[in-house]
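Step one of this worksheet: look at the structure below.
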2 protein chains.
Amino acid sequence: MEQAMRFTGCTLSMHQCRCFEKLNPEERDYLDANSVWIKYKKGEMLCKQGSFVSHVIYVEKGLAKVFLDNGVNSLVLRIIPDGNFLGLASVSEEQTTYPYSSMAYVDSDIRQVDINTFRQLIKQNTAFAKEVINILSANSVQIYGRFFCLTYKQAFGRLADILICLADRIFKNNEFDLPLTRKELGELAGMSAETVIRMLKEFNEEGLINMNGKSIEILDYDRLKKISETG
Amino acid sequence: MEQAMRFTGCTLSMHQCRCFEKLNPEERDYLDANSVWIKYKKGEMLCKQGSFVSHVIYVEKGLAKVFLDNGVNSLVLRIIPDGNFLGLASVSEEQTTYPYSSMAYVDSDIRQVDINTFRQLIKQNTAFAKEVINILSANSVQIYGRFFCLTYKQAFGRLADILICLADRIFKNNEFDLPLTRKELGELAGMSAETVIRMLKEFNEEGLINMNGKSIEILDYDRLKKISETG
DNA sequence: TTATAAAGCTGATCCATATCAGTCTTTTTT
DNA sequence: AAAAAAGACTGATATGGATCAGCTTTATAA
């Protein structure tokens, strides 16, 4: 029995996208016939907040961030590795423009599916629609957790959260080479680049991580986890 | 043409829930046969974070908050007036427990729909499923805006946001009697009760609002809006 | 109708973290 | 290979708002 709920600022839900499995061969052909594959370079924009929605964006390979921007500040909502949609909020017909922007952290292979094709499949295949609902739900719940953390945890905890998320869910390894700058890491953890630098340094000195430029290794997972929970 | 995106910390999306309209008479009977109506008193919990999901909760009449809690801090995700679901994240079968808690701000009439009935209707009626998708999308987008505001705006702007939201979307009047305490207002705007008090006082002295205990009237909507945008 | 608790309010203090200004280092461009 | 730009890092300073303590007013219960 759990006493109090724990939230993490993790940027990726555990949900595995399975909606293509719900399509029959014809539907899959229909989808493919109305999809295009595009290669994006690191730093390129996959979609811009406020522009018209013409397709649903799926990351085949690579890593991207989905973020909000008001010209001054930038808030990363989620980061998207292989095998995920950037977001499905735009499948709603009421959502005519993208409510967020997206940028590739690394060179990425992107599939764009025509939005009307996607909507048509939702209309004709309830299992597919249901899977879309599952994805939307999972995203919501994940955003809730992230929202809570960025609002109430302090910087230590938020940074620990992100390091754990990167290791567990993104790179699936305790050692990884960050394709992000300190500033971008700050956008993830909701703090300034300077604070990221200072705290990474402290984690390093405390023996929690072993850091060398862009390369980070998590040495004491348990203590980091504890910091993320109490921070 | 808009230069920069504006976000508001508003707690309620503009989306009007229309999903019952998508049901045919038999489906509606089926839904009604598997629904119950319950009266809740002010302060009562409508659902508790972490408990098993057994039904979908719809606010027929009243006002409720949906919030996250870790035992120390509380974050209000949305406030729900008449004619809205508390949230539909739980329609996903993967979501077996409520990811949030909910409490009635005032005496409220609640409809509970058996979760399996609801899921069955999604399975058999694509228009209904589509409407569920629309609601989930609208909620996500609303939460994104709120997330951004609570992360980057400062207290002035956040409080202005909430006052405007209450007037425009909840009470639909520039003058209203708050059924919330200063502490609850703080949970909405992401600040302490003391800060709410101080800033309301300042808004009052500046002639932006006219405040008398629980009764609040917005006097200078435009300036308040400007504060919400620049704060 | 008094007693008790909850909410509202005020002033003083403190601290986590942003911001700024500058240097050093690495990467990218020419 | 040199020049330019971007990123990493450091120390000093500033500050928005939380927290605390106490006091007053308004609800709620006895």
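Proteins come first, then strands; the chains are lettered A, B, ... in the order of their sequence lines, and each starts at number 1.
In this structure, Lys183(B) does not reach the dG8(C) phosphate: none of its side-chain N or O atoms is under 4.0 Å from OP1 or OP2.
Lys153(A) has its NZ atom 13 Å from the P atom of dT17(C), to the nearest Å.
Side-chain contact, Ser228(B) with Asp161(B): a donor N or O sits under 3.5 Å from an acceptor N or O.
One end of the helix from dT1(C)-dA30(D) to dT30(C)-dA1(D) points its axis 50° away from the other end's axis, with each axis taken from 5 pairs and the angle rounded to 10°.
Salt-bridge formation is not detected for the pair Lys225(A)/Glu229(A): no Lys NZ or Arg NE/NH1/NH2 atom is positioned less than 4.0 Å from an Asp or Glu carboxylate oxygen. Residues Asp69(B) and Lys48(B) are not paired through a salt bridge, judged by the lack of any N-O separation under 4.0 Å between the basic side chain and the carboxylate. Under 4.0 Å is where a charged nitrogen must lie from a carboxylate oxygen, and between Lys183(B) and Glu187(B) at least one such pair does. For the pair Lys39(A) and Asp109(A), the salt-bridge criterion is met [side-chain N within less than 4.0 Å of a carboxylate O].
The stretch residues 185-199 of chain B comes close to DNA chain C through Glu194(B), Ile197(B), Arg198(B), each having a heavy atom under 4.0 Å from the strand. Annotation: proximity of residues 101-109 of chain A to DNA chain C (heavy atom, distance under 4.0 Å) is found for no residue.
First and last contacting nucleotides of DNA chain D toward chain A (any atom under 4.0 angstrom from a heavy atom, 5' to 3' order): dA8(D) to dA12(D).
Projected onto DNA chain C by closest heavy-atom contact, Leu200(B) and Asn73(A) fall at different nucleotides, the more 5' of which corresponds to Leu200(B). Comparing Phe156(B) and Thr181(A), the nucleotide of DNA chain D nearest to each residue sits closer to the 5' end for Thr181(A).
No donor-acceptor pair under 3.5 Å is formed between the side chain of Ser140(A) and the backbone N or O of Ser140(B).
A distance of 6.0 Å or more separates the ring centres of Phe7(A) and Tyr100(B). Aromatic ring centroids of Phe118(A) and Tyr58(A) lie 6.0 Å or more apart.
Applying the disulfide bond (SG atoms under 2.5 Å apart) test to pairs two or more places apart or on separate chains, none has a residue in residues 184-219 of chain A.
Between Ile162(A) and Leu180(A) the shortest side-chain heavy-atom distance does not fall below 4.5 Å. Using a 4.5 Å heavy-atom threshold, the side chains of Ile216(B) and Leu166(B) count as separate. Using a 4.5 Å heavy-atom threshold, the side chains of Leu208(A) and Ile227(A) count as touching.
Residue Lys61(B) places its NZ atom among 12 or fewer non-hydrogen atoms of other residues, nucleotides or ligands, all under 6.0 Å distant. More than 12 non-hydrogen atoms from other residues, nucleotides or ligands lie less than 6.0 angstrom from CG of Asp177(A).
Looking at heavy-atom distances under 4.0 Å, Lys214(B) makes contact with sugar-phosphate atoms alone, never a base.
Between Tyr98(A) and His55(A), the two ring planes are tilted [angle within 30° to 60°].
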Listed pairs, N/O of protein and of nucleotides 24-30 of chain C, under 3.5 Å:
none

